[in-house]
Amino acid sequence: MRFSKAFIPTQKEIRADATIPSHQLMLRAGLMRQLTAGVYVYLPLGYKAMLKAMEIVRQEMNAIGGQEFHLPALNPESLWIQTGRRDIPNFILSIKERDLVLAPTHEEVIAWIASLHIQSYKDLPQIWYQIQTKFRNEPRPRSGVLRGRQFIMKDSYSLDASWEGLDKSYDLHAEAYRNSFTRCGIKFFVVGASSGAMGGTGSQEFMVESPFGEDTVALCDQCGYAANLEIAASALPKAPRREENGPVVEVHTPNVRTIDQLAEFLKVPHERLAKSVVYRHNGSPVLIMMVGNDQLNESKLLSALGGGEASPMNAEDLKGLTGADGGSIGPVDLRGFRIIADKRLEGANGLISGANRNDYHLTNIDMQRDVTLEGYYDLRTVVAGEACTKCSSALKVSNAIELGHIFKLGTKYSEALNVSFLDEGGTAKPVIMGSYGIGIERIVACAIEQGHDANGIVWDKALAPYPVHVIAVNMNSKEVVLAANQVYNSLTGAGIEALFDDRASVSPGFKFKDADLLGMPFQVIVGEKGLKNGQFEIKRRKSGERMMIAKEELVATVEGLLRE
RNA sequence: CGGGGUGUAGCUCAGCCUGGUUAGAGCGCUUGCUUUGGGAGCAAGAAGUCGUAGGUUCGAAUCCUAUCACCCCGACCA
């Protein structure tokens with residue numbers, strides 16, 4: 001591609017509110033422009049990088065036996081009502097003029113097509129995938145292309161006759177994902193993740209560590225344990241059970257509102273304090289007991305409660321139901337609440353909690369004797385520095401960008417949409433599904449987050465829009481023009497895609513700056529300096545390393561560099 | 001959805017608090033000349049209903065009200 005004919009609108013300045021490097025560089029290098037909140041136009045150079053990412057993912061999906069589909073973005077609303085996902089908050093964008101919705105993912109459509117034609121265990125397993133635009137009603141798009149209302153996703157779905165089959169399809173996807181991201185040159189790690197409201201029995205996320213990531217993960221450098229904070233666990237001692245077990249006693253605790261104040265006032269360690277957190281779950285009140293200042297994790301809470309919606313109870317409701325304010329709530333003799341407790345409280349006694357009466361607390365609470373409990377669950381949020389459950393070394397907590405997510409879905413959608421097959425015994429059974437996604441924009445954005453310097457993008461050759469950037473330093477020199485054209489033609493002739501900066505009206509400095517900004521892996525610089533000795537210069541973008549190459553060895557040398 | 005902010009030339013922004021000539025800068029763009037190995041120089045030029053609609057005022061980019069869009073923090077993120 002000749003730069004003089006190309007649409008590559010590079011910019012020196014960009015708006016101040018583009019804060020993360022990938023967002024800034026995608027704008028500056030002319031890869032994309034924002035149309036409206038969360039919706040981006042991909043310009044030729046940006047789309048070329050995305051196509052490279054898509055092709056890598058496509059090859060890896062084909063390698064595990066995936067079959068590519070193209071499913072419609074427009075779906076009948078009824079399909080989504082059937083699975084109960086029409087009303088998930090902030091999820092679906094819809095068409096005003098028809099009873100159609102814009103698909104945010106495609107489990108429903110896949111289940112529909114499977115229900116038409118999958119009849120026997122002999123038709124299974126299947127892996128179906130597509131690379132397509134998705135739409136979601138994001139309340140607040142942000143971070144450039146990392147979270148948009150419209151984005152391209154590789155989504156795939158496995159259909160199996162058995163749970164063992166699902167495990168196999170899932171493992172195949174994990175392998176395909178590892179291969180894809182590795183080939184894209186991205187440093188990533190895999191974490192255990194919450195299945196959330198997708199339902200299902202297991203899931204993992206493919207993560208890129210980044211301060212701009214929206215996910216938080218716990219990592220163990222020693223043994224490799226890695227989990228999304230939504231499910232991460234650590235090894236903390238339980239609240240103790242003591243020999244003496246006196247009766248519950250009410251104590252006056254004037255103006256004590258927080259756990260810290262209570263510990264100070266009663267001169268007891270935090271492990272003896274049972275904090276009560278109050279939520280509404282699907283409308284009903286739930287009291288959650290936590291040790292001391294342990295932070296309740298809402299994802300864990302939701303899975304403990306079996307899904308649905310949960311939110312903290314507001315102050316008036318709380319007062320009305322318990323007769324007390326936030327700091328004085330407790331589990332003893334509390335009517336009308338479901339009560340659950342964090343595992344650290346299992347079997348403990350001698351605990352102190354609110355008396356459901358302002359300015360009073362109860363002591364000597366015994367979880368076994370005094371609390372009507374529904375169960376113990378892991379409900380606390382892991383804090384950095386706590387011990388790994390596997391190897392006891394200190395856990396690290398980091399932010400991360402989610403590149404991909406794989407789910408063992410199970411039968412939720414096949415049951416809702418009646419996707420069944422006859423097994424070897426002739427019994428009808430629901431098809432067992434898996435669902436797997438990769439964000440294409442995120443691949444590109446993460447590649448830039450991990451591949452840039454002060455001068456611009458540093459593409460890995462796997463995703464670079466062009467592997468080589470040819471620069472004709474001075475278009476007023478006939479020799480340079482002639483030689484640069486020859487270089488461009490011979491590279492192109494050898495099947496190497498090159499961007500050729502043949503602009504006549506642009507100074508050499510401008511071309512060099514643009515080349516570094518655009519970040520192609522290798523720059524071939526054709527200037528009078530080198531031509532004097534019959535040489536071209538090759539600059540490796542990543543290291544800045546320069547080498548002078550004899551004219552006739554140029555193509556072979558570039559081919560060698562690209563094979564590295 | 002709660003809190004905060006921004007909207008002025010193609011782009012990035014100043015001007016607004018404290019109303020008053022013909023609304024500015026840098027970059028980009030056009031033309032000419034010069035320059036040509038790290039975002040060139042000189043000269044001339046084109047380019048803005050100051051987001052939109054009302055209001056206050058002799059007079060509004062500037063003050064007030066409404067509205068739309070966008071951004072940031074939070075909530076949310078199957």
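In what follows, every chain begins at residue 1, and chains take the letters A, B, ... in the order their sequences are listed. Model, not experiment: these values are computed from the prediction.
B:A75 and B:U62: their P atoms are spaced 36 Å apart (whole Å). Using P as the reference atom, B:G3 and B:U49 are 35 Å apart when rounded to the nearest Å. To the nearest whole angstrom, the two P atoms, one in B:G20 and one in B:C63, are 11 Å apart. Comparing B:C17 with B:A61, their C1' atoms sit 14 Å apart, to the nearest whole Å. Taking atom P on both nucleotides, B:C27 is separated from B:A43 by 12 Å, rounded to a whole Å. The same atom, P, is picked in B:G54 and in B:G10; the two are 24 Å apart, to the nearest Å. Nucleotides B:C1 and B:C16 are separated by 34 Å at their P atoms, to the nearest Å. If you take atom P in B:G24 and the same atom in B:G48, they sit 13 Å apart, rounded to whole Å.
Of all nucleotides present, none satisfies the Watson-Crick or G-U wobble test against B:G48 with each distance under 3.5 Å. Remark: B:A69 base-pairs with B:U6. Criterion, Watson-Crick or G-U wobble with two distances under 3.5 Å. Checking B:U22 for Watson-Crick or G-U wobble geometry (two distances, each under 3.5 Å) identifies no partner in any strand. In this structure B:C63 sits in a base pair with B:G55, meeting the Watson-Crick or G-U test at under 3.5 Å. Pairing for B:C42 goes to B:G32, judged as Watson-Crick or G-U wobble with the two contacts each under 3.5 Å. B:C17 makes up no base pair with any nucleotide shown, lacking Watson-Crick or G-U wobble contacts both under 3.5 Å. Using Watson-Crick or G-U wobble geometry with both donor-acceptor distances under 3.5 Å, B:C77 finds no partner in any strand shown.
Screening residues 504-551 of chain A for ring-ring contact (aromatic ring centres under 6.0 Å, His included), with sequence neighbours left out, gives no hits.
Legend: residues meeting side chain to side chain contact (heavy atoms under 4.5 Å, CB included) with A:S490, ordered by chain and number and at least two apart, are A:V555. With sequence neighbours left out, the side chain to side chain contact (heavy atoms under 4.5 Å, CB included) criterion links A:R546 to A:I525, A:E537, A:K539. Judged as a salt bridge (charged side-chain N to carboxylate O under 4.0 Å, His left out), and not counting sequence neighbours, the contacts of A:E209 are A:K396. The side chain to side chain donor-acceptor pair (under 3.5 Å) check on A:R149 picks up nothing, with sequence neighbours excluded. In this structure A:D260 satisfies the side chain to side chain contact (heavy atoms under 4.5 Å, CB included) test together with A:T258, A:H270, A:N293, sequence neighbours excluded. For A:H405, the side chain to side chain contact (heavy atoms under 4.5 Å, CB included) criterion is met by A:A193, A:S203, A:E205, A:E402, A:F407, not counting sequence neighbours. The salt bridge (charged side-chain N to carboxylate O under 4.0 Å, His left out) check on A:K513 picks up nothing, with sequence neighbours excluded.
No side-chain donor-acceptor contact under 3.5 Å links A:S284 to the backbone of A:R280. Panel note: side chain A:S398, backbone A:V217; no donor-acceptor pair is recorded below 3.5 Å.
With B:G39, B:G38, B:G37 as the candidates, the nucleotide lying closest to the side chain of A:K529 is B:G37. Closest contact between the side chain of A:N90 and the listed nucleotides B:C76, B:G37, B:G38 involves B:C76.
A tilted orientation is assigned to the rings of A:Y436 and A:Y170, their planes being inclined by 30° to 60°.
Put simply, CZ on A:R147 is 9 Å from C1' on B:C76, counting in whole angstrom units. In this structure, CD of A:E298 is placed 15 Å from P of B:G74, rounded to the nearest angstrom. With rounding to whole Å, A:N297 atom CG is found 12 Å from B:C77 atom P. Here the P atom of nucleotide B:G37 and the CD atom of A:Q535 are 18 Å apart, to the nearest Å. Between the CZ atom of A:F512 and the P atom of B:G37 there is a distance of 8 Å, rounded to whole Å. Per the geometry, CG belonging to A:N228 stands 12 Å off P belonging to B:C77, to the nearest Å. Rounding to whole angstrom units, CG of residue A:L35 and C1' of B:A69 are separated by 13 Å. Between the CG atom of A:D516 and the C1' atom of B:G38 there is a distance of 8 Å, rounded to whole Å.
The residue A:I14 sits close only to the backbone: its heavy atoms come under 4.0 Å of sugar-phosphate atoms, none of a base. As judged by a 4.0 angstrom heavy-atom cut-off over every strand, A:Q523 is placed among residues making no nucleic acid contact. Within 4.0 Å of A:P89, counting heavy atoms only, lies no atom of the nucleic acid at all. Contact annotation for A:A16: backbone-only contact, meaning every heavy-atom pair under 4.0 Å involves sugar-phosphate atoms and none involves a base.
Residues A:L518 and A:F3 are in side-chain contact: their nearest non-hydrogen atoms beyond the backbone lie under 4.5 Å apart.
In summary, the side chains of A:D155 and A:Q130 do present a donor paired with an acceptor at a separation below 3.5 Å, with no hydrogens or angles considered. In the model, A:Y279 has no side-chain atom that pairs as donor or acceptor with a side-chain atom of A:S311 under 3.5 Å. Of the N and O atoms on the side chains of A:K154 and A:S156, at least one donor lies less than 3.5 Å from an acceptor on the other residue.
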Listing time: all N or O pairs from protein to nucleotides 29-34 of chain B that are below 3.5 Å?
none

Pull out every protein N or O sitting under 3.5 Å from an N or O of nucleotides 25-28 of chain B, one pair per line with the distance.
from  : atom 1 : to    : atom 2 : distance (Å)
B:G26 : N2     : A:E13 : OE1    : 2.9

List every contact pair, protein side and nucleotides 70-73 of chain B side both N or O, where the distance is under 3.5 Å.
from  : atom 1 : to     : atom 2 : distance (Å)
B:C70 : OP1    : A:T36  : OG1    : 2.4
B:C70 : OP1    : A:A37  : N      : 3.3
B:C70 : O3'    : A:Q34  : NE2    : 3.2
B:C70 : O2'    : A:R15  : NH2    : 3.2
B:C71 : OP1    : A:Q34  : NE2    : 3.2
B:C71 : O2'    : A:D17  : OD2    : 3.3
B:C73 : OP2    : A:R140 : NH1    : 3.2
B:C73 : OP2    : A:R140 : NH2    : 2.8

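With hydrogens and angles left out, the side chain of A:R503 and the base of B:G39 share no donor-acceptor pair within 3.5 Å. Remark: the A:R546 side chain and the B:G38 base include a donor-acceptor N/O pair separated by less than 3.5 Å. For A:E537 and B:G37, a side-chain-to-base donor-acceptor distance below 3.5 Å is present, hydrogens and geometry of angles not being considered.
Contacts with RNA chain B (heavy atom under 4.0 Å) in residues 438-459 of chain A: none are found.
Between A:M433 and A:I110, the shortest heavy-atom contact is CE-CG2, 4.2 Å.
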(request) Show the numbers, then the answer: is there a salt bridge (Lys or Arg N to Asp or Glu O under 4.0 Å) between A:D502 and A:K5? (result) CA-CA 9 Å; A:D502 62 337; A:K5 305 262 189 290; 5.6 Å; no
